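Remember, it's a predicted structure, so these values are computed and weren't measured experimentally. Protein chains get the first letters and strands the later ones, always in sequence-line order, with residue 1 at the start of each.
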Number of protein chains: 2
Amino acid sequence: MGISKPAAERLSQLARLLEQRDAATSITSSELERITGWPSHTIRKDISALSGATEISTTSGYDPKRLAAAIREALGFTNEPTRCCVVGLGRIGSSFLDYEGFAGTTFDLCAGFDSNVNRIEILKANFPLYPAFKMKDVIPRLGITAAILCVPSEQAQQTADKLIESGIVGLVNFTPTILSVPQAIEVENVSIIDALGSLTARLAAKKTR
Amino acid sequence: MGISKPAAERLSQLARLLEQRDAATSITSSELERITGWPSHTIRKDISALSGATEISTTSGYDPKRLAAAIREALGFTNEPTRCCVVGLGRIGSSFLDYEGFAGTTFDLCAGFDSNVNRIEILKANFPLYPAFKMKDVIPRLGITAAILCVPSEQAQQTADKLIESGIVGLVNFTPTILSVPQAIEVENVSIIDALGSLTARLAAKKTR
DNA sequence: AGTTGTGAAGGTATTCACAGCG
DNA sequence: CGCTGTGAATACCTTCACAACT
């Protein structure tokens with residue numbers, strides 16, 4: 001039995017939360033409810049779906065470390081790391097160059113691209129930066145399968161097309177452009193406007209309740 | 001009857017997409033299916049839930065402009081604009097200072113905060129930037145209700161607490177920290193790791209299908 | 001023809017309620 | 001007892017199939 005999409009999202013956040021905690025003291029589902037706002041039975045149900053894990057719960061709650069590990073495994077985070085690149089090194093794109101959040105994940109940010117050669121020379125990173133025209137070379141050679149798209153809105157679609165030609169199968173889209181891609185490709189849109197939108201929608205819904 | 005959360009997310013993206021199109025030529029639900037990947041009947045069902053709008057469809061599809069307007073209205077985007085601030089003006093935070101994407105939305109980014117006074121003086125924006133200790137003053141005075149949180153991870157929770165004390169009811173959280181907030185407050189997490197996570201989860205699910 | 005719009009059916013996710021365990 | 005774990009019930013969302021309209 002698989003894990004449902006909403007459950008996977010909750011579990012992923014849960015794992016992050018657990019790793020931020022003191023590993024020694026166990027935590028109950030009701031405490032997690034207080035912290036996350038999700039009902040405790042939903043949390044327990046989500047966790048019960050990971051049923052391969054041993055020793056994650058005691059009589060007084062869950063062991064944060066073991067639970068986090070079990071979640072990571074169930075979500076496939078222990079497999080071969082996914083190699084990623086960031087495309088477009090403007091303000092948003094370049095902010096990933098020194099982002100520490102990738103540590104301990106199975107995502108390996110290992111290349112950056114920008115059409116402006118100047119930028120590439122100025123910026124520093126722990127991995128190589130390339131001019132945009134080298135995408136078709138570099139992406140297959142490094143086995144990169146996912147891209148973080150941070151180019152200006154006008155170039156979003158054409159850049160996505162090139163990335164897909166180069167072998168990218170997953171796109172995290174930071175531009176406001178809605179991308180049109182083949183069936184086999186997956187896109188995850190990250191938009192501040194959408195985030196604010198669903199935020200205010202939920203706040204509005206809360207009022208009428 | 002209200003609009004479901006998943007439907008609201010689709011509609012919000014749909015509105016963005018429609019506004020990027022030629023306003024003169026109408027578009028059918030099947031074309032939208034090709035572009036977005038969502039089944040045409042889901043799109044039609046979503047649209048039918050907005051049933052207050054007039055003249056949004058003809059015999060050969062929808063009028064992009066009218067449909068976008070109807071969606072915006074149904075999602076509550078025509079009401080009083082929501083005033084927002086950005087907190088933490090590092091790489092990510094400062095990238096919002098000149099972000100054009102707010103134009104035409106009901107979100108009004110009207111203040112920035114940072115604990116580093118130097119940064120405030122160096123950075124330029126179309127709205128005022130304040131030192132962090134002025135939050136309690138400025139936020140109520142400008143009627144700001146939502147905040148975009150871009151501070152370093154270690155300061156996320158304490159900054160969120162201060163924002164809530166100052167009257168913020170909605171938080172878009174760009175830090176990897178899971179925030180603990182009162183019932184009345186809404187948080188929307190925006191995390192590159194979560195985005196990559198659900199992306200790869202979907203790609204993995206696709207393979208086994 | 002080709003399109004939207006929608007009641008009804010089907011499938012998923014959440015909630016409940018309680019069994020089972022330490 | 002308080003906690004987790006889970007079958008059963010409920011609520012929700014999506015899909016289907018077809019009516020209605022141009």
Is a side-chain N or O of [X] found less than 3.5 angstrom from the main chain of [Y], in a donor-acceptor match?
X        : Y        : answer
A/Thr42  : A/Trp38  : no
A/Asp108 : A/Pro81  : no
A/Glu188 : B/Leu196 : no
A/Ser40  : A/Ser29  : no
B/Arg83  : B/Cys110 : no
A/Asn173 : A/Thr177 : yes
A/Ser26  : A/Gly61  : no

Between [N] ([atom2]) and [X] ([atom1]): distance, integer Å:
X       : N      : atom1 : atom2 : answer
A/Asp63 : D/dC3  : CG    : P     : 17 Å
A/Ile43 : C/dT15 : CD1   : P     : 11 Å
B/Ile56 : C/dG5  : CD1   : C1'   : 10 Å
A/Leu50 : D/dT4  : CG    : P     : 14 Å
B/Ile47 : C/dT6  : CD1   : C1'   : 14 Å
A/Ile3  : C/dT14 : CD1   : P     : 13 Å
A/Asp46 : C/dT15 : CG    : P     : 10 Å
A/Lys5  : C/dA13 : NZ    : C1'   : 12 Å

*asked:* With a 4.0 Å limit, can you tell me whether B/Ser57 has a side-chain N or O closer than that to the phosphate oxygens OP1/OP2 of C/dG5?
replied: yes
Side-chain N or O of B/Arg10 versus OP1/OP2 of D/dC13: is the shortest distance under 4.0 Å? no
Identify the pairs formed between an N or O of the protein and an N or O of nucleotides 16-22 of chain C at a distance under 3.5 Å, and give each distance.
from, atom 1, to, atom 2, distance (Å)
C/dC16, OP2, A/His41, NE2, 3.4

Could you check whether any side-chain heavy atom of B/Thr145 comes within less than 4.5 Å of a side-chain heavy atom of B/Glu80, counting everything from C-beta outward? no
In terms of heavy-atom contacts, A/Ser191 and B/Arg16 come closest through OG-NH1, 3.5 Å
Note: contacts of residues 18-39 of chain A with DNA chain C (heavy atom, under 4.0 Å) are A/Pro39
